[in-house]
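Read the structure below first, then the notes.
Note that these values count all heavy atoms, side chains included, but never hydrogens, waters or copies made by symmetry.
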Amino acid sequence: KSKTKMPKYKNLNWEDLPEDAVEAANLIGYDQESWDTDGNVPLYETKGMMDLEQEEREAVCFLGLDIFKHPDYNKWWENIDEELRVYIENIGYDQTSWDEDVLLVDLPIEQKYWEELEDQEREAAVFLGWTQSTWDGTEETQNEEGGEEEAEEEEAEEEEAEEEE
């Protein structure tokens, strides 16, 4: 099966970003100039991966940026912090796939929906910043209470409307 991912905001100019994407970008240190001119996540320059708040990691994933671009991950397998390595292993990497720069989309876990993830896989995904909506590719706005349920309800309503036509 193939999953449809959420829109990736990283390729949009600042003025084209929806409000929730601007809020997420601001949270991780972007302003209009840095968003439009620099490919590096500003927060990565000042905080180690283990020091990032959960909402900061989620903002990176929400925007479609690569969490693995953090300098703490830009290392050979044997040089990665052991605590980080556990999460990376639970996502599906091993020394060979990591050192050969295999992309997450090429790992078997990428074909699983959130509900299909084993507990340790889900725990690793959460630590790395994914939420059910960013993992499954469903619509949800950043920091919206009940967003996942609302998105599921809207999707069900759209399907019903299509069936009635």
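For the pair E53 and E58, the minimum side-chain heavy-atom distance is 4.5 Å or more. Within the 4.5 Å cutoff, no side-chain heavy atoms of D72 are placed close to those of I80. Looking at heavy atoms from C-beta onward, W135 lies out of side-chain contact with Y113 at the 4.5 angstrom threshold. Within the 4.5 Å cutoff, side-chain heavy atoms of D36 are placed close to those of E15. In this structure, the side chains of I109 and L104 come closer than 4.5 Å at one or more pairs of heavy atoms. With a 4.5 Å cut-off on side-chain heavy atoms, W114 and S133 do not count as touching. Two residues are said to be in side-chain contact when any heavy atoms from C-beta on lie closer than 4.5 Å; Y9 and D16 fail this criterion. V126 has its side chain within reach of Q54: a pair of non-hydrogen atoms, C-beta onward, lies under 4.5 Å apart.
Residues satisfying the side-chain hydrogen bond (donor to acceptor under 3.5 Å, both in side chains) test with Q95, not counting sequence neighbours, are E78. By the side-chain hydrogen bond (donor to acceptor under 3.5 Å, both in side chains) test, E33 is found to be paired with no residue, residues two or more places apart in sequence or in another chain being considered. Listed by chain and number, the residues in a side-chain contact (heavy atoms from CB on, under 4.5 Å) with P71 are Y44 (sequence neighbours excluded). Residues satisfying the side-chain hydrogen bond (donor to acceptor under 3.5 Å, both in side chains) test with D81, not counting sequence neighbours, are none. Taking N74 as the reference, nothing meets the side-chain hydrogen bond (donor to acceptor under 3.5 Å, both in side chains) condition, with sequence neighbours excluded. For R122, the salt bridge (Lys or Arg N to Asp or Glu O under 4.0 Å) partners are D119, not counting sequence neighbours. In this structure, the ring pair (Phe, Tyr, Trp, His ring centres under 6.0 Å) partners of Y87, at least two apart in sequence or on a different chain, are F127. Checked against side-chain contact (heavy atoms from CB on, under 4.5 Å), N11 has no partners two or more places apart in sequence or in another chain.
For the residue pair C61 and L128, the shortest heavy atom distance occurs at SG-O, 3.7 Å. Looking at every heavy atom in both residues, L27 comes nearest to A59 through CD2-CB, 4.0 Å. Nearest heavy atoms, Q111 versus E116: O-OE1, 4.1 Å. Looking at every heavy atom in both residues, S34 comes nearest to G29 through OG-O, 4.1 Å.
The hydrophobic side chain of V86 is isolated, with no ILVMFWY side chain under 4.5 Å apart from it. Side-chain heavy-atom separations under 4.5 angstrom define the hydrophobic clusters, and the remaining members of the one that includes V105 are L103.
For the atom pair CG of L63 and CD of E23, the computed distance is 11.0 Å after rounding to the nearest 0.5 Å. The structure places NE2 of H70 at 5.0 Å from CG of L52, a figure rounded to the nearest 0.5 Å. A distance of 11.5 Å separates CH2 in W98 from CH2 in W76, rounded to the nearest 0.5 Å. Summarising the geometry, atom CZ belonging to R57 is positioned 12.5 Å from atom CD1 belonging to I28; distances are rounded to the nearest 0.5 Å. Within the model, atoms CG of L117 and CG of N90 stand 11.0 Å from one another, a figure rounded to the nearest 0.5 Å.
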Can you list the steps and then say if I91 with I88 is a side-chain contact (heavy atoms from CB on, under 4.5 Å)?
CA-CA 5 Å; I91 285 290; I88 296 167; 5.8 Å; no
Decide side-chain contact (heavy atoms from CB on, under 4.5 Å) for V41 and Y30; before the verdict, give the C-alpha distance in whole Å, the side-chain angles of both, and the deciding distance to 0.1 Å.
CA-CA 7 Å; V41 177; Y30 281 106; 3.8 Å; yes
Applying side-chain contact (heavy atoms from CB on, under 4.5 Å) to V22 and W35, what does each step give before you reach the verdict?
CA-CA 10 Å; V22 170; W35 180 267; over 6 Å; no
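Evaluation of the salt bridge (Lys or Arg N to Asp or Glu O under 4.0 Å) test over residues 42-51, restricted to residues two or more places apart or in two chains, returns K47-E56. Sorted by first and then second residue, the salt bridge (Lys or Arg N to Asp or Glu O under 4.0 Å) pairs involving residues 82-97 (not counting sequence neighbours) form an empty list.
More than 12 non-hydrogen atoms from other residues, nucleotides or ligands lie less than 6.0 angstrom from NZ of K75.
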